[in-house]
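In what follows, every heavy atom counts, from backbone to side chain, and hydrogens, waters and symmetry copies are set aside. Throughout, numbering of the chain's residues begins at 1 and tracks the sequence.
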Amino acid sequence: MASLSFQHVYKKYDGGVVAVSDFNLDVADKEFVILVGPSGCGKSTTLRMLAGLEDISEGEIYIDDRCVNDVLPKDRDIAMVFQNYALYPHMSVRDNMAFALKLRKMPKDEINRRVQEAAKILEIEHLLDRKPKALSGGQRQRVALGRAIVRDPKVFLMDEPLSNLDAKLRVQMRVEITKLHHRLKTTFVYVTHDQTEAMTMGTRIVVMKDGFIQQVDSPTELYDNPVNTFVAGFIGMPPMNFINAVINVEGSDVFISFENVTIKLPERYAVEEVMERDGQEVIFGVRPEALTDDITYVTDHPESAFTADVDVVEMLGAETYLYVTVNGSLPLTCRVDPTTSQSAVGQVVDLAVDANRIHIFDKDTEQSIIS
């Protein structure tokens, strides 16, 4: 078991390209931390520096209290699971899982015990004598996980291990990896560009953009209190709606206006950070589920109601997405309850915002003013 620490870590390539900038993160023993962000944000490079597959340009990385900057990958006591499985095609599943242990010249009985134990955990005991070409994508990924498990490492590193699987299998493997973490009680660091994987699997999430950490928090805190528009838009599906709006203060009341719509904000938004922006433009953020066409809610909340034209209706069973346009120019996405929604394409529909669940961001810095 191991804790990890990144202290002012940079990765700079020839030509002045900076892939990772001033990366600082402490990972507790047995934690499941996920690095998430769009392609090119530096998440895989960070993982590869931890694994020793990339040199560190500046800073220090510690596993437990040991600085590993100059430690060879094989001596870091980590195991890495790759996107492409990286299995030896000429070897059986059993031999693929045992290969690293044989290189260590571990006793044969101990190798067999570890392989059988890992195969049992992953439910691939019946596959041990097959070659990789005879396995499905999900089975190959389980073998790759098994090869990591048998090493009994201090830290598991996973670089987008599910990206080659189909949607249904990705869901199944997400569950399996989460169960594996609970069973092994080992430190996991997991890289993905898929915010759904990040939200469902991690105990903490590191959101990255252009080599910089944007926010480190629990999934719930990231969703409810994003620090800027990037995090707010990246976390959550469908993404948050962003609206250019103006703050108006009348006495102790605060209003937000956009596209000939004015919404009265609840008392908790009547704070200095908001009220001092009277007359200023801000970015108004509202998640799709905070918009509703439920006529009862709309009637009961006239201070946050407005009309919109329905462009598209997507019925997904447990929920329905409405794609609407306000005042002919502002597109919004709404996630509504199909049991109460009567909206149809071409209609003018009454909507209301749950004003207790809105976000306000600074127009210039895009940093959160209040959530």
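- Side-chain atoms of Ser257 and Thr262 form a donor-acceptor pair, as typed in the model, at a separation below 3.5 Å.
- Defined by atom type and a distance below 3.5 Å, a donor-acceptor pair is present between the side-chain atoms of Thr325 and Asp311.
- Using a distance-only test at 3.5 Å, with no hydrogens or angles considered, a donor-acceptor pair links the side chain of Asn241 to the main chain of Thr333.
- At least one side-chain heavy atom of Leu162 sits under 4.5 Å from a side-chain heavy atom of Ile177.
- Between Lys102 and Asp95, at least one side-chain N (NZ, or NE/NH1/NH2) sits under 4.0 Å from a carboxylate O, which counts as a salt bridge.
- Using a 4.5 Å cut-off on side-chain heavy atoms (C-beta onward), Arg174 and Thr196 make contact.
- One side chain, Thr339 or Asp337, offers a donor N or O that lies under 3.5 Å from an acceptor on the other.
- In this structure, the side chain of Lys43 engages the main chain of Gly37 through a donor-acceptor pair within 3.5 Å.
- Between Phe188 and Phe32, the ring-plane angle classifies as tilted under the 30° and 60° cut-offs.
- With a 6.0 Å radius and a threshold of 12 heavy atoms from other residues, nucleotides or ligands, Asp55 has its CG atom at or below the threshold.
- Checked by atom type, the side-chain pair Glu60/His8 shows no donor-acceptor distance below 3.5 Å.
- At most 12 non-hydrogen atoms from other residues, nucleotides or ligands lie less than 6.0 angstrom from NZ of Lys120.
- Crowding of Asp75 atom CG: a count of heavy atoms from other residues, nucleotides or ligands under 6.0 Å exceeding 12.
- Using bins of under 30°, 30° to 60° and over 60° for the plane-to-plane angle, the ring pair Tyr297/His301 lands in the parallel bin.
- Residue Glu123 places its CD atom among 12 or fewer non-hydrogen atoms of other residues, nucleotides or ligands, all under 6.0 Å distant.
- The number of heavy atoms from other shown groups lying within 6.0 Å of CZ (Arg104) is above 12.
- Rounding to the nearest 0.5 angstrom, the gap separating the CG atom in Leu128 from the CD atom in Gln116 is 5.5 Å.
- Of the possible polar contacts, none joining the Lys12 side chain to the Val17 backbone as a donor-acceptor pair under 3.5 Å is found.
- Residues Gln83 and Ser163 have side chains that bring a donor and an acceptor to within less than 3.5 angstrom of each other.
- How far CD of Glu289 is from CG of Asp354: 10.0 Å, rounded to the nearest 0.5 Å.
- Although no hydrogens or angles enter the test, the distance criterion places a donor-acceptor pair under 3.5 Å between the side chain of His181 and the main chain of Lys30.
- A heavy-atom distance below 4.5 Å is found between the side chains of Lys363 and Asn244.
- Scored by the salt bridge (Lys or Arg N to Asp or Glu O under 4.0 Å) test, Glu319 finds Arg335 as partners (sequence neighbours excluded).
- Put simply, the side chain of Val286 does not reach to within 4.5 Å of the side chain of Met240, judged on heavy atoms.
- Under the 4.5 Å side-chain heavy-atom criterion for Ile, Leu, Val, Met, Phe, Trp and Tyr, Ile360 and Ile235 are members of distinct hydrophobic clusters.
- A donor and an acceptor atom, one from each side chain of Ser92 and Asp129, are nowhere located under 3.5 Å apart.
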- Task: Before giving the answer on side chain to side chain contact (heavy atoms under 4.5 Å, CB included), spell out for Val298 and Leu351 the whole-Å C-alpha distance, their side-chain angles and the decisive distance to 0.1 Å.
- Result: CA-CA 6 Å; Val298 173; Leu351 298 174; 5.6 Å; no
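- Of all heavy-atom pairs between Asp29 and Ala2, the closest is OD1-N, 3.0 Å.
- Between the side chains of Gln214 and Asn228, at least one donor-acceptor pair of N or O atoms lies under 3.5 Å.
- Distance OG/Ser304 to CG/Asn356: 9.5 Å, rounded to 0.5 Å.
- At a cut-off of 3.5 Å, with distance as the only test, a side-chain donor of Asp293 or Ser343 sits close to an acceptor on the other residue.
- Side chain to side chain, Glu259 and Ser329 meet the donor-acceptor criterion of an N or O pair below 3.5 Å.
- Side chain of Asn96 to backbone of Tyr88: a donor-acceptor contact under 3.5 angstrom is found.
- Closest non-hydrogen pair, Pro89 versus Pro132, comes out as O-CD, 3.7 Å.
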- How far apart are the C-alpha atoms of Met173 and Leu165, what are their side-chain angles, what is the distance that settles it, and do they pass the side chain to side chain contact (heavy atoms under 4.5 Å, CB included) test? CA-CA 9 Å; Met173 288 303 298; Leu165 305 181; 3.6 Å; yes
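- With side-chain heavy atoms closer than 4.5 Å counting as contact, directly or through intermediates, the hydrophobic cluster containing Tyr323 also holds Val312, Leu316, Tyr321.
- With hydrogens and angles ignored, the 3.5 Å screen pairs no side-chain donor or acceptor of Asp362 with any backbone N or O of Gln367.
- Between the side chains of Glu197 and Tyr190, at least one donor N or O lies within less than 3.5 Å of an accepting N or O.
- Taking the six-membered ring for Trp and thresholds of 30 and 60 degrees, Phe258 and Phe284 have ring planes inclined between 30 and 60 degrees apart.
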- Task: Start with the C-alpha gap between Val246 and Ile256, add the side-chain angles, then the distance that decides, and say whether side chain to side chain contact (heavy atoms under 4.5 Å, CB included) holds.
- Result: CA-CA 6 Å; Val246 176; Ile256 195 159; over 6 Å; no
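- A salt bridge links Asp253 to Lys264: at least one charged side-chain nitrogen sits closer than 4.0 Å to a carboxylate oxygen.
- Connection of Val310 to Leu330 is established within a shared hydrophobic cluster, with ILVMFWY side chains joined at heavy-atom distances below 4.5 Å, either directly or through further cluster members.
- Without hydrogens or angle criteria, Arg114 side chain to Val150 main chain gives a donor-acceptor distance under 3.5 Å.
- Between the side chain of Ser5 and the main chain of Asp26, no donor-acceptor pair closer than 3.5 Å is present.
- Under the 3.5 Å distance criterion, the side-chain polar atoms of Arg113 are left unmatched by any main-chain donor or acceptor of Lys108.
- Of the possible donor and acceptor atoms, one in the side chain of Arg287 sits under 3.5 Å from a partner among the backbone N and O of Tyr223.
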